Number of protein chains: 2
Amino acid sequence: MSQMQNVERQLREMILGLEIGPGEKLTERWIEGRFGASRTPVRAALLRLETEGLVGRDGRGWTVSPINLAELEQIAVYREAVEVAAVRLTCLHAERSAIDVIEAMLDSCDDNTPREEWHRVGMDFHIELARLSGNEFLFRAVRDAMTRLSRARWLEVRDEAALGRAWAEHRAILAAARLGDADEAARLLSAHIVGSRDRLVTSLANDRRGLRARGFAVVAA
Amino acid sequence: MSQMQNVERQLREMILGLEIGPGEKLTERWIEGRFGASRTPVRAALLRLETEGLVGRDGRGWTVSPINLAELEQIAVYREAVEVAAVRLTCLHAERSAIDVIEAMLDSCDDNTPREEWHRVGMDFHIELARLSGNEFLFRAVRDAMTRLSRARWLEVRDEAALGRAWAEHRAILAAARLGDADEAARLLSAHIVGSRDRLVTSLANDRRGLRARGFAVVAA
DNA sequence: GATACCATTTTGGGATACCAAACTGGTATC
DNA sequence: GATACCAGTTTGGTATCCCAAAATGGTATC
(Lines give C-alpha, C1' and ligand atoms only; values in the text may rest on other atoms or scores of the structure.)
Protein backbone atom coordinates (compact mmCIF):
# COMPACT_ATOMS: atom_id res chain seq x y z
CA MET A 1 0.00 0.00 0.00
CA SER A 2 1.48 3.32 -1.04
CA GLN A 3 1.73 6.19 1.38
CA MET A 4 -0.70 8.23 -0.65
CA GLN A 5 -3.45 5.62 -0.46
CA ASN A 6 -2.63 5.17 3.18
CA VAL A 7 -2.95 8.83 4.09
CA GLU A 8 -6.06 9.14 1.97
CA ARG A 9 -7.77 6.19 3.62
CA GLN A 10 -6.87 7.14 7.16
CA LEU A 11 -7.76 10.77 6.72
CA ARG A 12 -11.09 9.82 5.14
CA GLU A 13 -11.83 7.54 8.07
CA MET A 14 -11.06 10.28 10.55
CA ILE A 15 -13.34 12.70 8.73
CA LEU A 16 -16.20 10.25 8.24
CA GLY A 17 -15.81 9.03 11.82
CA LEU A 18 -16.10 12.65 12.99
CA GLU A 19 -12.72 12.42 14.72
CA ILE A 20 -12.11 15.62 12.84
CA GLY A 21 -15.22 17.76 13.05
CA PRO A 22 -17.07 19.33 10.13
CA GLY A 23 -15.71 22.84 9.63
CA GLU A 24 -12.35 22.20 11.26
CA LYS A 25 -9.23 23.68 9.72
CA LEU A 26 -6.61 21.33 8.36
CA THR A 27 -2.98 22.12 7.65
CA GLU A 28 -0.89 19.98 5.39
CA ARG A 29 1.84 20.03 7.98
CA TRP A 30 -0.42 18.71 10.71
CA ILE A 31 -1.50 15.80 8.53
CA GLU A 32 2.11 15.21 7.59
CA GLY A 33 3.08 14.82 11.22
CA ARG A 34 -0.06 12.93 12.21
CA PHE A 35 0.45 10.14 9.67
CA GLY A 36 4.21 10.22 9.35
CA ALA A 37 4.20 10.97 5.66
CA SER A 38 5.70 13.81 3.73
CA ARG A 39 3.74 16.55 2.04
CA THR A 40 3.62 15.01 -1.41
CA PRO A 41 1.31 12.12 -0.51
CA VAL A 42 -0.58 14.41 1.87
CA ARG A 43 -1.36 16.82 -0.92
CA ALA A 44 -2.40 13.99 -3.23
CA ALA A 45 -4.78 12.70 -0.57
CA LEU A 46 -6.27 16.16 -0.04
CA LEU A 47 -6.84 16.61 -3.76
CA ARG A 48 -8.77 13.36 -3.90
CA LEU A 49 -10.79 14.03 -0.80
CA GLU A 50 -11.63 17.40 -2.30
CA THR A 51 -13.26 15.75 -5.30
CA GLU A 52 -15.22 13.57 -2.88
CA GLY A 53 -16.47 16.72 -1.19
CA LEU A 54 -15.04 15.80 2.21
CA VAL A 55 -12.57 18.66 2.36
CA GLY A 56 -12.57 22.01 0.62
CA ARG A 57 -10.32 24.96 0.06
CA ASP A 58 -10.94 27.87 2.34
CA GLY A 59 -9.08 30.67 0.62
CA ARG A 60 -5.60 29.53 1.33
CA GLY A 61 -5.80 26.42 3.45
CA TRP A 62 -8.00 23.40 3.82
CA THR A 63 -11.20 22.85 5.76
CA VAL A 64 -13.20 19.74 6.55
CA SER A 65 -16.47 20.34 4.72
CA PRO A 66 -19.25 21.50 7.02
CA ILE A 67 -22.56 19.68 7.13
CA ASN A 68 -24.70 21.65 4.72
CA LEU A 69 -28.42 21.11 4.98
CA ALA A 70 -29.14 22.67 1.60
CA GLU A 71 -26.57 20.37 0.07
CA LEU A 72 -28.13 17.34 1.77
CA GLU A 73 -31.44 18.16 0.14
CA GLN A 74 -29.82 18.48 -3.28
CA ILE A 75 -27.99 15.21 -2.85
CA ALA A 76 -31.27 13.49 -2.07
CA VAL A 77 -32.68 14.66 -5.40
CA TYR A 78 -29.56 13.47 -7.16
CA ARG A 79 -29.68 10.12 -5.37
CA GLU A 80 -33.30 9.67 -6.31
CA ALA A 81 -32.46 10.12 -9.98
CA VAL A 82 -29.52 7.73 -10.09
CA GLU A 83 -30.77 5.12 -7.65
CA VAL A 84 -34.14 4.84 -9.34
CA ALA A 85 -32.45 4.48 -12.72
CA ALA A 86 -30.17 1.83 -11.26
CA VAL A 87 -32.92 -0.21 -9.62
CA ARG A 88 -34.93 -0.13 -12.84
CA LEU A 89 -31.98 -1.64 -14.67
CA THR A 90 -31.55 -4.20 -11.94
CA CYS A 91 -35.17 -5.27 -12.29
CA LEU A 92 -34.63 -5.91 -15.99
CA HIS A 93 -31.91 -8.48 -15.42
CA ALA A 94 -32.36 -9.30 -11.77
CA GLU A 95 -30.14 -12.11 -10.57
CA ARG A 96 -32.15 -13.83 -7.88
CA SER A 97 -29.02 -14.89 -6.02
CA ALA A 98 -27.47 -11.42 -6.08
CA ILE A 99 -30.57 -9.95 -4.50
CA ASP A 100 -30.48 -12.68 -1.87
CA VAL A 101 -26.96 -11.60 -0.95
CA ILE A 102 -28.22 -8.10 -0.22
CA GLU A 103 -31.14 -9.43 1.78
CA ALA A 104 -28.65 -11.46 3.81
CA MET A 105 -26.79 -8.23 4.58
CA LEU A 106 -29.97 -6.83 6.09
CA ASP A 107 -30.56 -10.05 8.03
CA SER A 108 -27.10 -9.83 9.55
CA CYS A 109 -28.25 -6.97 11.77
CA ASP A 110 -30.11 -7.78 14.98
CA ASP A 111 -30.58 -6.39 18.48
CA ASN A 112 -26.98 -7.17 19.42
CA THR A 113 -25.50 -5.42 16.41
CA PRO A 114 -23.64 -2.23 17.32
CA ARG A 115 -25.08 1.01 16.06
CA GLU A 116 -22.05 1.58 13.87
CA GLU A 117 -22.74 -1.61 11.97
CA TRP A 118 -26.40 -0.71 11.31
CA HIS A 119 -25.15 2.55 9.93
CA ARG A 120 -22.72 0.87 7.57
CA VAL A 121 -25.15 -1.76 6.36
CA GLY A 122 -27.79 0.88 5.76
CA MET A 123 -25.46 2.62 3.35
CA ASP A 124 -24.15 -0.55 1.76
CA PHE A 125 -27.68 -1.61 0.95
CA HIS A 126 -28.03 1.29 -1.44
CA ILE A 127 -24.53 0.94 -2.81
CA GLU A 128 -24.78 -2.77 -3.48
CA LEU A 129 -28.22 -2.42 -5.00
CA ALA A 130 -26.79 0.15 -7.41
CA ARG A 131 -23.90 -2.14 -8.23
CA LEU A 132 -26.33 -4.77 -9.43
CA SER A 133 -27.42 -2.40 -12.19
CA GLY A 134 -24.17 -3.26 -13.91
CA ASN A 135 -23.71 0.41 -14.77
CA GLU A 136 -20.42 1.67 -13.42
CA PHE A 137 -21.45 5.32 -13.54
CA LEU A 138 -24.72 4.87 -11.69
CA PHE A 139 -22.87 2.75 -9.15
CA ARG A 140 -20.15 5.33 -8.55
CA ALA A 141 -22.70 8.11 -8.34
CA VAL A 142 -24.60 6.29 -5.60
CA ARG A 143 -21.44 5.33 -3.75
CA ASP A 144 -20.11 8.88 -3.81
CA ALA A 145 -23.45 10.34 -2.77
CA MET A 146 -23.65 7.95 0.17
CA THR A 147 -20.12 8.91 1.19
CA ARG A 148 -21.16 12.55 1.27
CA LEU A 149 -24.25 11.74 3.29
CA SER A 150 -22.42 9.48 5.67
CA ARG A 151 -21.43 11.97 8.35
CA ALA A 152 -24.86 13.55 8.43
CA ARG A 153 -26.56 10.16 8.79
CA TRP A 154 -24.20 9.35 11.60
CA LEU A 155 -25.23 12.51 13.45
CA GLU A 156 -28.91 11.84 12.91
CA VAL A 157 -30.81 10.85 16.00
CA ARG A 158 -32.69 7.75 14.98
CA ASP A 159 -35.00 5.86 17.21
CA GLU A 160 -35.54 2.12 16.99
CA ALA A 161 -38.85 2.62 15.24
CA ALA A 162 -37.34 4.70 12.45
CA LEU A 163 -34.58 2.15 11.96
CA GLY A 164 -37.09 -0.67 11.78
CA ARG A 165 -39.17 1.24 9.27
CA ALA A 166 -36.11 1.82 7.07
CA TRP A 167 -35.29 -1.88 7.16
CA ALA A 168 -38.87 -2.77 6.20
CA GLU A 169 -38.66 -0.36 3.27
CA HIS A 170 -35.39 -1.91 2.19
CA ARG A 171 -36.99 -5.35 2.23
CA ALA A 172 -40.01 -4.16 0.26
CA ILE A 173 -37.72 -2.74 -2.42
CA LEU A 174 -35.85 -6.02 -2.67
CA ALA A 175 -39.13 -7.92 -2.92
CA ALA A 176 -40.25 -5.77 -5.85
CA ALA A 177 -36.85 -6.14 -7.52
CA ARG A 178 -37.00 -9.90 -7.09
CA LEU A 179 -40.32 -9.93 -8.97
CA GLY A 180 -38.81 -7.71 -11.67
CA ASP A 181 -41.47 -5.09 -10.96
CA ALA A 182 -39.50 -2.01 -11.97
CA ASP A 183 -42.30 0.51 -11.46
CA GLU A 184 -43.05 -0.70 -7.96
CA ALA A 185 -39.38 -0.88 -6.98
CA ALA A 186 -38.84 2.62 -8.34
CA ARG A 187 -41.86 3.96 -6.47
CA LEU A 188 -40.80 2.39 -3.18
CA LEU A 189 -37.18 3.48 -3.50
CA SER A 190 -38.19 7.00 -4.41
CA ALA A 191 -40.47 7.26 -1.39
CA HIS A 192 -37.77 5.79 0.83
CA ILE A 193 -35.20 8.35 -0.27
CA VAL A 194 -37.58 11.27 0.13
CA GLY A 195 -38.61 10.04 3.57
CA SER A 196 -35.00 9.56 4.65
CA ARG A 197 -34.12 13.03 3.51
CA ASP A 198 -36.99 14.60 5.42
CA ARG A 199 -36.15 12.79 8.63
CA LEU A 200 -32.46 13.58 8.23
CA VAL A 201 -32.83 17.28 7.55
CA THR A 202 -35.45 17.71 10.25
CA SER A 203 -33.32 15.92 12.79
CA LEU A 204 -30.20 17.92 12.02
CA ALA A 205 -32.06 21.23 11.91
CA ASN A 206 -33.49 20.49 15.36
CA ASP A 207 -30.13 19.46 16.77
CA ARG A 208 -28.24 22.21 15.06
CA ARG A 209 -27.57 24.13 18.21
CA GLY A 210 -26.27 21.07 20.03
CA LEU A 211 -24.13 20.04 17.10
CA ARG A 212 -22.52 23.44 16.87
CA ALA A 213 -21.85 23.28 20.59
CA ARG A 214 -19.91 20.09 19.92
CA GLY A 215 -17.81 22.07 17.46
CA PHE A 216 -19.50 20.78 14.30
CA ALA A 217 -20.19 23.38 11.64
CA VAL A 218 -23.73 22.88 10.36
CA VAL A 219 -24.87 25.22 7.62
CA ALA A 220 -28.60 25.90 7.40
CA ALA A 221 -30.67 25.10 4.34
CA MET B 1 -3.67 31.73 -12.24
CA SER B 2 -1.67 29.12 -10.39
CA GLN B 3 0.63 26.77 -12.22
CA MET B 4 -1.45 23.80 -11.22
CA GLN B 5 -4.63 25.16 -12.74
CA ASN B 6 -2.61 26.19 -15.76
CA VAL B 7 -1.15 22.76 -16.37
CA GLU B 8 -4.48 21.13 -15.69
CA ARG B 9 -6.31 23.36 -18.15
CA GLN B 10 -3.75 23.09 -20.92
CA LEU B 11 -3.35 19.35 -20.56
CA ARG B 12 -7.11 18.88 -20.57
CA GLU B 13 -7.37 20.94 -23.74
CA MET B 14 -4.68 18.89 -25.43
CA ILE B 15 -6.44 15.65 -24.50
CA LEU B 16 -9.92 16.83 -25.43
CA GLY B 17 -8.58 18.38 -28.63
CA LEU B 18 -7.00 15.04 -29.50
CA GLU B 19 -3.56 16.61 -29.70
CA ILE B 20 -2.64 13.72 -27.46
CA GLY B 21 -4.36 10.62 -28.75
CA PRO B 22 -6.52 8.26 -26.70
CA GLY B 23 -4.33 5.46 -25.40
CA GLU B 24 -1.08 7.44 -25.55
CA LYS B 25 1.44 7.11 -22.73
CA LEU B 26 2.20 10.15 -20.63
CA THR B 27 5.22 10.73 -18.44
CA GLU B 28 5.24 13.31 -15.71
CA ARG B 29 8.61 14.51 -16.96
CA TRP B 30 7.38 15.09 -20.49
CA ILE B 31 4.48 17.18 -19.20
CA GLU B 32 6.88 19.01 -16.92
CA GLY B 33 9.04 20.03 -19.84
CA ARG B 34 6.13 20.68 -22.19
CA PHE B 35 4.49 23.23 -19.92
CA GLY B 36 7.53 24.54 -18.10
CA ALA B 37 6.27 23.55 -14.68
CA SER B 38 7.76 21.32 -12.05
CA ARG B 39 6.42 17.96 -11.06
CA THR B 40 4.35 19.20 -8.15
CA PRO B 41 1.70 20.98 -10.22
CA VAL B 42 1.97 18.31 -12.93
CA ARG B 43 1.13 15.66 -10.40
CA ALA B 44 -1.82 17.65 -9.05
CA ALA B 45 -3.15 18.13 -12.58
CA LEU B 46 -2.88 14.42 -13.34
CA LEU B 47 -4.72 13.50 -10.15
CA ARG B 48 -7.60 15.75 -11.09
CA LEU B 49 -7.75 14.63 -14.69
CA GLU B 50 -7.82 11.09 -13.37
CA THR B 51 -11.02 11.78 -11.46
CA GLU B 52 -12.46 13.27 -14.65
CA GLY B 53 -11.66 10.02 -16.42
CA LEU B 54 -9.40 11.66 -18.99
CA VAL B 55 -6.22 9.93 -17.87
CA GLY B 56 -5.70 6.72 -16.00
CA ARG B 57 -2.97 4.73 -14.33
CA ASP B 58 -1.48 1.98 -16.40
CA GLY B 59 0.38 -0.06 -13.82
CA ARG B 60 3.19 2.34 -13.17
CA GLY B 61 2.73 5.33 -15.42
CA TRP B 62 -0.06 7.36 -16.90
CA THR B 63 -2.14 6.82 -20.02
CA VAL B 64 -4.63 9.02 -21.82
CA SER B 65 -7.89 7.13 -21.45
CA PRO B 66 -8.85 5.22 -24.59
CA ILE B 67 -12.22 5.69 -26.21
CA ASN B 68 -14.31 2.89 -24.75
CA LEU B 69 -17.50 2.05 -26.59
CA ALA B 70 -18.94 0.07 -23.68
CA GLU B 71 -18.27 3.03 -21.43
CA LEU B 72 -19.97 5.40 -23.87
CA GLU B 73 -23.12 3.29 -23.70
CA GLN B 74 -23.06 3.31 -19.90
CA ILE B 75 -22.53 7.05 -19.81
CA ALA B 76 -25.58 7.51 -22.02
CA VAL B 77 -27.72 5.64 -19.48
CA TYR B 78 -26.26 7.74 -16.68
CA ARG B 79 -26.84 10.94 -18.65
CA GLU B 80 -30.41 9.96 -19.32
CA ALA B 81 -31.06 9.55 -15.60
CA VAL B 82 -29.52 12.83 -14.51
CA GLU B 83 -30.53 15.01 -17.45
CA VAL B 84 -34.13 13.90 -17.33
CA ALA B 85 -34.25 14.57 -13.60
CA ALA B 86 -32.70 17.98 -14.19
CA VAL B 87 -35.06 19.01 -16.96
CA ARG B 88 -38.05 17.95 -14.87
CA LEU B 89 -36.88 20.27 -12.12
CA THR B 90 -36.33 23.01 -14.63
CA CYS B 91 -39.89 22.66 -15.90
CA LEU B 92 -41.19 23.16 -12.36
CA HIS B 93 -39.63 26.57 -11.98
CA ALA B 94 -38.80 27.46 -15.55
CA GLU B 95 -37.45 30.98 -15.92
CA ARG B 96 -38.64 32.08 -19.34
CA SER B 97 -35.64 34.34 -19.83
CA ALA B 98 -33.10 31.69 -18.86
CA ILE B 99 -34.49 29.33 -21.44
CA ASP B 100 -34.33 32.09 -24.02
CA VAL B 101 -30.62 32.45 -23.32
CA ILE B 102 -30.10 28.81 -24.20
CA GLU B 103 -32.19 29.15 -27.34
CA ALA B 104 -30.02 32.10 -28.32
CA MET B 105 -26.97 29.84 -27.98
CA LEU B 106 -28.50 27.51 -30.54
CA ASP B 107 -29.35 30.43 -32.82
CA SER B 108 -25.76 31.62 -32.76
CA CYS B 109 -24.78 28.72 -35.00
CA ASP B 110 -25.30 29.07 -38.73
CA ASP B 111 -23.75 27.88 -42.00
CA ASN B 112 -20.64 29.99 -41.43
CA THR B 113 -20.01 28.67 -37.97
CA PRO B 114 -16.94 26.44 -37.75
CA ARG B 115 -17.46 22.79 -36.95
CA GLU B 116 -15.66 23.18 -33.64
CA GLU B 117 -18.17 25.75 -32.47
CA TRP B 118 -21.16 23.54 -33.31
CA HIS B 119 -19.50 20.85 -31.30
CA ARG B 120 -19.04 23.08 -28.28
CA VAL B 121 -22.53 24.56 -28.39
CA GLY B 122 -24.04 21.11 -28.75
CA MET B 123 -22.46 20.14 -25.46
CA ASP B 124 -23.15 23.43 -23.72
CA PHE B 125 -26.83 23.07 -24.52
CA HIS B 126 -27.05 20.05 -22.26
CA ILE B 127 -24.82 21.54 -19.60
CA GLU B 128 -26.66 24.84 -19.39
CA LEU B 129 -30.03 23.14 -19.40
CA ALA B 130 -28.90 21.07 -16.43
CA ARG B 131 -27.66 24.19 -14.68
CA LEU B 132 -31.15 25.65 -14.80
CA SER B 133 -32.33 22.82 -12.57
CA GLY B 134 -30.65 24.66 -9.72
CA ASN B 135 -29.28 21.36 -8.45
CA GLU B 136 -25.52 21.50 -8.22
CA PHE B 137 -25.10 17.73 -8.23
CA LEU B 138 -27.23 17.10 -11.29
CA PHE B 139 -25.41 19.95 -13.01
CA ARG B 140 -21.97 18.61 -12.23
CA ALA B 141 -22.98 15.11 -13.23
CA VAL B 142 -24.10 16.33 -16.65
CA ARG B 143 -21.04 18.51 -17.11
CA ASP B 144 -18.67 15.70 -16.21
CA ALA B 145 -20.49 13.22 -18.41
CA MET B 146 -20.31 15.60 -21.37
CA THR B 147 -16.59 16.08 -20.76
CA ARG B 148 -16.10 12.35 -20.94
CA LEU B 149 -18.14 12.11 -24.11
CA SER B 150 -16.45 15.07 -25.72
CA ARG B 151 -13.61 13.34 -27.55
CA ALA B 152 -15.87 10.64 -28.89
CA ARG B 153 -18.37 13.16 -30.20
CA TRP B 154 -15.54 15.02 -31.86
CA LEU B 155 -14.50 11.85 -33.69
CA GLU B 156 -18.04 11.08 -34.77
CA VAL B 157 -18.71 11.57 -38.44
CA ARG B 158 -21.83 13.68 -38.51
CA ASP B 159 -23.54 14.76 -41.67
CA GLU B 160 -25.44 18.02 -42.00
CA ALA B 161 -28.75 16.23 -41.73
CA ALA B 162 -27.88 14.62 -38.41
CA LEU B 163 -26.68 17.95 -37.04
CA GLY B 164 -29.89 19.64 -38.17
CA ARG B 165 -31.95 16.90 -36.55
CA ALA B 166 -30.10 17.31 -33.28
CA TRP B 167 -30.72 21.05 -33.30
CA ALA B 168 -34.42 20.49 -34.00
CA GLU B 169 -34.59 18.10 -31.06
CA HIS B 170 -32.86 20.64 -28.83
CA ARG B 171 -35.43 23.26 -29.83
CA ALA B 172 -38.32 20.92 -29.18
CA ILE B 173 -37.00 20.20 -25.70
CA LEU B 174 -36.74 23.91 -24.95
CA ALA B 175 -40.28 24.46 -26.23
CA ALA B 176 -41.65 21.83 -23.87
CA ALA B 177 -39.64 23.28 -20.98
CA ARG B 178 -40.95 26.73 -21.74
CA LEU B 179 -44.49 25.40 -21.41
CA GLY B 180 -43.54 23.68 -18.18
CA ASP B 181 -44.53 20.33 -19.69
CA ALA B 182 -42.18 18.11 -17.71
CA ASP B 183 -43.39 14.79 -19.10
CA GLU B 184 -43.02 15.93 -22.69
CA ALA B 185 -39.61 17.51 -22.10
CA ALA B 186 -38.44 14.34 -20.35
CA ARG B 187 -39.73 12.15 -23.18
CA LEU B 188 -38.05 14.26 -25.86
CA LEU B 189 -34.75 14.54 -23.98
CA SER B 190 -34.69 10.84 -23.28
CA ALA B 191 -35.25 10.00 -26.94
CA HIS B 192 -32.62 12.52 -27.96
CA ILE B 193 -29.98 10.99 -25.70
CA VAL B 194 -30.75 7.45 -26.79
CA GLY B 195 -30.65 8.49 -30.45
CA SER B 196 -27.36 10.34 -29.96
CA ARG B 197 -25.83 7.35 -28.28
CA ASP B 198 -26.87 4.99 -31.07
CA ARG B 199 -25.48 7.23 -33.78
CA LEU B 200 -22.29 7.82 -31.83
CA VAL B 201 -21.53 4.20 -31.04
CA THR B 202 -22.44 3.04 -34.54
CA SER B 203 -20.26 5.69 -36.14
CA LEU B 204 -17.25 4.92 -33.96
CA ALA B 205 -17.64 1.16 -34.34
CA ASN B 206 -17.68 1.59 -38.12
CA ASP B 207 -14.66 3.89 -38.12
CA ARG B 208 -12.80 1.90 -35.56
CA ARG B 209 -10.21 0.60 -37.98
CA GLY B 210 -9.48 4.05 -39.34
CA LEU B 211 -9.29 5.58 -35.89
CA ARG B 212 -6.82 2.97 -34.72
CA ALA B 213 -4.76 3.66 -37.83
CA ARG B 214 -4.59 7.28 -36.69
CA GLY B 215 -3.14 6.02 -33.43
CA PHE B 216 -6.31 6.35 -31.36
CA ALA B 217 -7.03 3.48 -29.02
CA VAL B 218 -10.70 2.54 -29.37
CA VAL B 219 -11.94 -0.24 -27.13
CA ALA B 220 -14.90 -2.26 -28.43
CA ALA B 221 -18.21 -2.49 -26.59
C1' DG C 1 -9.77 50.97 25.15
C1' DA C 2 -9.73 50.80 20.30
C1' DT C 3 -7.03 50.87 16.24
C1' DA C 4 -3.45 51.19 12.92
C1' DC C 5 0.98 49.35 11.98
C1' DC C 6 4.96 46.46 11.71
C1' DA C 7 7.98 42.23 12.67
C1' DT C 8 7.55 37.38 13.04
C1' DT C 9 5.71 33.05 12.11
C1' DT C 10 3.01 29.96 9.59
C1' DT C 11 1.38 27.95 5.48
C1' DG C 12 0.34 26.49 0.86
C1' DG C 13 2.47 26.48 -3.86
C1' DG C 14 6.34 25.21 -6.31
C1' DA C 15 11.09 23.27 -7.32
C1' DT C 16 14.47 19.91 -6.69
C1' DA C 17 16.93 15.82 -4.88
C1' DC C 18 16.85 10.94 -4.06
C1' DC C 19 15.38 6.18 -4.35
C1' DA C 20 13.56 1.79 -5.63
C1' DA C 21 11.12 -0.51 -9.09
C1' DA C 22 10.38 -1.19 -13.88
C1' DC C 23 11.88 -0.93 -18.37
C1' DT C 24 15.51 -1.28 -22.19
C1' DG C 25 19.02 -2.91 -24.97
C1' DG C 26 22.67 -5.65 -25.57
C1' DT C 27 25.32 -9.90 -24.72
C1' DA C 28 26.49 -14.44 -23.51
C1' DT C 29 24.82 -19.06 -23.63
C1' DC C 30 22.71 -22.96 -25.52
C1' DG D 1 17.93 -18.09 -33.74
C1' DA D 2 15.84 -18.15 -29.29
C1' DT D 3 16.41 -17.21 -24.54
C1' DA D 4 18.13 -16.11 -20.11
C1' DC D 5 20.55 -12.65 -17.87
C1' DC D 6 22.68 -8.35 -16.58
C1' DA D 7 24.05 -3.25 -16.61
C1' DG D 8 22.26 1.12 -17.55
C1' DT D 9 18.44 4.18 -17.95
C1' DT D 10 13.90 5.88 -17.14
C1' DT D 11 10.12 6.88 -14.19
C1' DG D 12 6.79 7.35 -10.57
C1' DG D 13 6.79 7.86 -5.39
C1' DT D 14 8.62 10.35 -1.69
C1' DA D 15 11.20 13.67 1.02
C1' DT D 16 12.99 18.12 1.52
C1' DC D 17 13.99 22.88 0.51
C1' DC D 18 12.64 27.62 -0.89
C1' DC D 19 9.49 31.39 -1.44
C1' DA D 20 5.80 34.70 -1.39
C1' DA D 21 1.50 35.56 0.65
C1' DA D 22 -1.35 35.45 4.57
C1' DA D 23 -2.16 35.03 9.35
C1' DT D 24 -0.54 36.35 14.03
C1' DG D 25 0.68 38.93 17.83
C1' DG D 26 2.65 42.57 20.04
C1' DT D 27 3.27 47.68 20.23
C1' DA D 28 2.84 52.41 19.60
C1' DT D 29 -0.51 55.97 18.82
C1' DC D 30 -4.61 58.44 19.45
Side-chain angles (χ1 to χ4, degrees), chain A residues 1-16 19-66 68 212 215-217 219, chain B residues 1-16 19-66 68 212 215-217 219:
Chain A
M1 172 80 66
S2 71
Q3 282 279 44
M4 189 209 101
Q5 293 170 322
N6 215 33
V7 174
E8 182 187 338
R9 193 170 42 76
Q10 292 193 62
L11 189 55
R12 186 191 291 108
E13 271 173 25
M14 285 189 74
I15 293 173
L16 293 182
E19 296 174 54
I20 316 178
E24 264 184 57
K25 286 267 188 192
L26 284 177
T27 69
E28 297 183 355
R29 263 126 179 154
W30 178 82
I31 302 169
E32 185 183 0
R34 180 69 176 68
F35 299 109
S38 76
R39 286 181 66 207
T40 309
V42 167
R43 299 194 55 193
L46 283 169
L47 283 171
R48 308 209 116 200
L49 293 177
E50 184 187 19
T51 71
E52 291 182 38
L54 297 184
V55 303
R57 292 176 195 285
D58 173 42
R60 200 169 118 117
W62 299 92
T63 306
V64 177
S65 302
N68 184 323
R212 297 190 84 109
F216 297 158
V219 178
Chain B
M1 173 78 66
S2 71
Q3 283 276 44
M4 189 210 99
Q5 293 170 325
N6 215 33
V7 173
E8 181 187 339
R9 194 170 41 75
Q10 291 192 62
L11 189 54
R12 186 191 292 108
E13 273 174 22
M14 284 188 76
I15 293 173
L16 293 182
E19 295 173 56
I20 316 178
E24 263 185 59
K25 286 265 187 191
L26 285 176
T27 70
E28 297 184 354
R29 263 125 178 156
W30 178 83
I31 301 169
E32 185 183 0
R34 179 70 176 68
F35 299 110
S38 76
R39 287 181 66 204
T40 308
V42 167
R43 204 136 223 295
L46 283 170
L47 284 171
R48 309 209 110 200
L49 293 178
E50 185 186 19
T51 70
E52 293 183 36
L54 297 184
V55 304
R57 288 170 195 278
D58 174 42
R60 201 171 119 117
W62 300 90
T63 307
V64 177
S65 301
N68 185 324
R212 296 189 84 109
F216 296 159
V219 178

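Remember, it's a predicted structure, so these values are computed and weren't measured experimentally. Letters A, B, ... are given to chains in the order of the sequence lines, protein chains preceding strands, and every chain is numbered from 1.
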What is the distance, to the nearest angstrom, from the [atom1] atom on [X] to the [atom2] atom on [N]?
| X | N | atom1 | atom2 | answer |
| --- | --- | --- | --- | --- |
| A/Asn6 | D/dA15 | CG | P | 11 Å |
| B/Glu32 | D/dG13 | CD | C1' | 14 Å |
| B/Arg57 | C/dA21 | CZ | C1' | 15 Å |
| B/Leu46 | D/dT14 | CG | C1' | 16 Å |
| A/Phe35 | D/dA15 | CZ | C1' | 18 Å |
| B/Glu8 | C/dG13 | CD | C1' | 15 Å |

| request: Mind checking side chain to side chain contact (heavy atoms under 4.5 Å, CB included) for A/Pro41 and listing every partner two or more places apart, or none if nothing turns up? | output: A/Gln3, A/Met4, A/Ala37, A/Ser38

| field | Upstream residue (5' side of DNA chain D) when B/Thr40 and B/Thr27 are each assigned their closest nucleotide | value | B/Thr27

| field | side-chain contact (heavy atoms from CB on, under 4.5 Å) between A/Leu47 and B/Thr51, worked out | value | CA-CA 10 Å; A/Leu47 283 171; B/Thr51 70; over 6 Å; no

| message | Using the side-chain heavy atoms of B/Ser2, tell me which of these nucleotides is nearest: C/dA15, D/dG12, C/dG13. | response | C/dG13

| task | Check whether any side-chain N or O of B/Ser38 sits under 4.0 Å from OP1 or OP2 of C/dG14, and answer yes or no. | result | no

| query | Got a sec, which pairs hit salt bridge (charged side-chain N to carboxylate O under 4.0 Å, His left out) with one end in residues 37-55 of chain B, sequence neighbours left out? | reply | A/Arg48-B/Glu50, A/Glu50-B/Arg48, B/Glu8-B/Arg48, B/Arg12-B/Glu52, B/Glu28-B/Arg39, B/Glu28-B/Arg43, B/Glu50-B/Arg57

| request: Kindly indicate whether the side chain of B/Phe35, heavy atoms from C-beta on, has any atom under 4.5 Å from the side chain of B/Val42. | output: no

Can you give me the N/O atom pairs linking the protein to nucleotides 17-25 of chain D at distances under 3.5 Å, or say none if there are none?
{"unit_1": "D/dA21", "atom_1": "N3", "unit_2": "A/Arg60", "atom_2": "NH2", "d": "3.4"}

